[in-house]
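We name chains A, B, ... by the order of the sequence lines, and we start the count at 1 in each one.
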Number of protein chains: 2
Amino acid sequence: MKRHVLIFGLVGGLLIATLQYTEYRFIVIEHSVEIYGALVAMLFATFGIWLGLRITRRRETIVVREVLVPASGLGAEPGSAFIPNTAKQQSLGITARELEILSLVARGLSNREIATQLFVSENTVKTHCSRAFDKLGAARRTQAVQLGKELGLLP
Amino acid sequence: MKRHVLIFGLVGGLLIATLQYTEYRFIVIEHSVEIYGALVAMLFATFGIWLGLRITRRRETIVVREVLVPASGLGAEPGSAFIPNTAKQQSLGITARELEILSLVARGLSNREIATQLFVSENTVKTHCSRAFDKLGAARRTQAVQLGKELGLLP
DNA sequence: TGCAAAATCATCCAAAAGGATGACGACATC
DNA sequence: GATGTCGTCATCCTTTTGGATGATTTTGCA
């Protein structure tokens, strides 16, 4: 991958150099600038396409998908209950309430639904969400959920 | 495919025209030809790469092999790679593309980020999302992610 | 080669979510 | 009593998401 960029820079520099050199030999021709433009455009277009082909060559993927029958546990591991990472929570300064709301977010509830369920206003939910997102470094609720799961804050 | 060639020609023509036009205004600057060359080169290189990436998108051979696995834990098992529940996916009529976008949603990406990453427009992402949500019976992306995980479609 | 499914893109509109900021009361702690 | 944290709520504004719908293109397959 890095090699390609190198080649790219090389070819670019070479072309520029060639351009500068040939300028003094053929610039006398009328409209040669346009011709230059077209030439360079063609060259780099083909090169770009080639590069695109190169770096995406590994598209021929054979995907073997194994289908498993959902016999017993669907997602829920029997016997092992979720244990929240309280240390991480504290180090991030996430309050219990914020985590509670975060877990409801993770369940796919909207702010309004969460507000109804917790008997608070939607604004309050939004505030908690904002603070939690901020502490997690998330910009969206989906991202917050993902981070929360990665950090062991959510099941 | 034909449209791409058209766009190519159009951009090319436009660039040449612009070149010709600007020539009479800035050609007085020393070494502007080189600058022109570099500019045109850059433009067409990016365009070429884009085109290359576009036309070589997605070419995978999917081999669905039905293997019955003693379904024990569908949750996060350390060391074992995630095996998507293709049966469930098919029964819900969720396409590969939709699932692909769904997995990016689950990673916490916004529609715009997904669009950028997959080289498609934001509208397309939204369409895929809508269809996937519809098939999953989800009203929100967070809910879709949760359902997707419960159904074994997402890791 | 022609059809059907899938993918792509667009527009319009409504709802949800997010950011910034201020405020107020309850409670614990110093 | 002053201070600080937490939970609560609000307003204003912007961005993101979602829904509905239609069109075009690409692709896989019979």
Length of the line joining A:Glu122:CD and D:dC9:C1', which is rounded to integer Å: 12 Å

Student check: side-chain heavy atoms of B:Glu113 and B:Arg107 closer than 4.5 Å: no

Angle by which the axis turns from one end of the helix from C:dT1-D:dA30 to C:dC30-D:dG1 to the other, five pairs per end, to 10 degrees: 50°

Atom-pair distance (CD on A:Gln90; P on D:dT5), nearest Å: 15 Å

Length of the line joining B:Lys126:NZ and C:dA17:P, which is rounded to integer Å: 15 Å

Interface with DNA chain C, restricted to residues 95-113 of chain A and to heavy atoms under 4.0 Å: A:Ser110, A:Asn111, A:Arg112

Atom pair distance, as rounded to whole Å: CD in B:Gln143 and P in D:dG19: 10 Å

Whole angstrom value for the distance that separates P of D:dC9 from CZ of A:Phe119: 12 Å

Sub-4.5 Å side-chain heavy-atom contact between A:Leu154 and A:Leu99: yes

Distance-only donor-acceptor test (3.5 Å): side chain A:Arg131, base C:dT21: no

Distance in angstrom units between A:Arg141 CZ and D:dT15 C1', rounded: 14 Å

Side chain of B:Phe133 - closest among C:dA17, D:dA10, D:dG19: D:dG19

Donor-acceptor under 3.5 Å (A:Gln143 side chain, A:Ala139 main chain): yes

Residue closer to the 5' end of DNA chain C, B:Arg140 versus B:Thr127 (nearest nucleotide): B:Thr127

Donor-acceptor contact present, side-chain A:Lys135 to main-chain A:Ile94, <3.5 Å: no

Atom pair distance, as rounded to whole Å: CG in B:Asn123 and P in D:dT24: 16 Å

Residue A:Thr124, side-chain heavy atoms: nucleotide from C:dC9, C:dA17, D:dT8 that is nearest: D:dT8

Within-4.5 Å side-chain heavy-atom neighbours: B:Leu136 and B:Leu102: yes

Where A:Glu98 and A:Ala132 come nearest, the two heavy atoms and their spacing: CB-CB, 4.3 Å

Check: B:Thr124 and B:Leu118 side chains under 4.5 Å, non-hydrogen atoms: no

Heavy-atom donor-acceptor pair, B:Ser130 side chain to B:Thr127 backbone, under 3.5 Å: no

Side-chain heavy atoms of B:Ile101 within contact of B:Ile114, under 4.5 Å: yes

Rounded distance in Å - NE2 (A:His128) to C1' (D:dA10): 14 Å

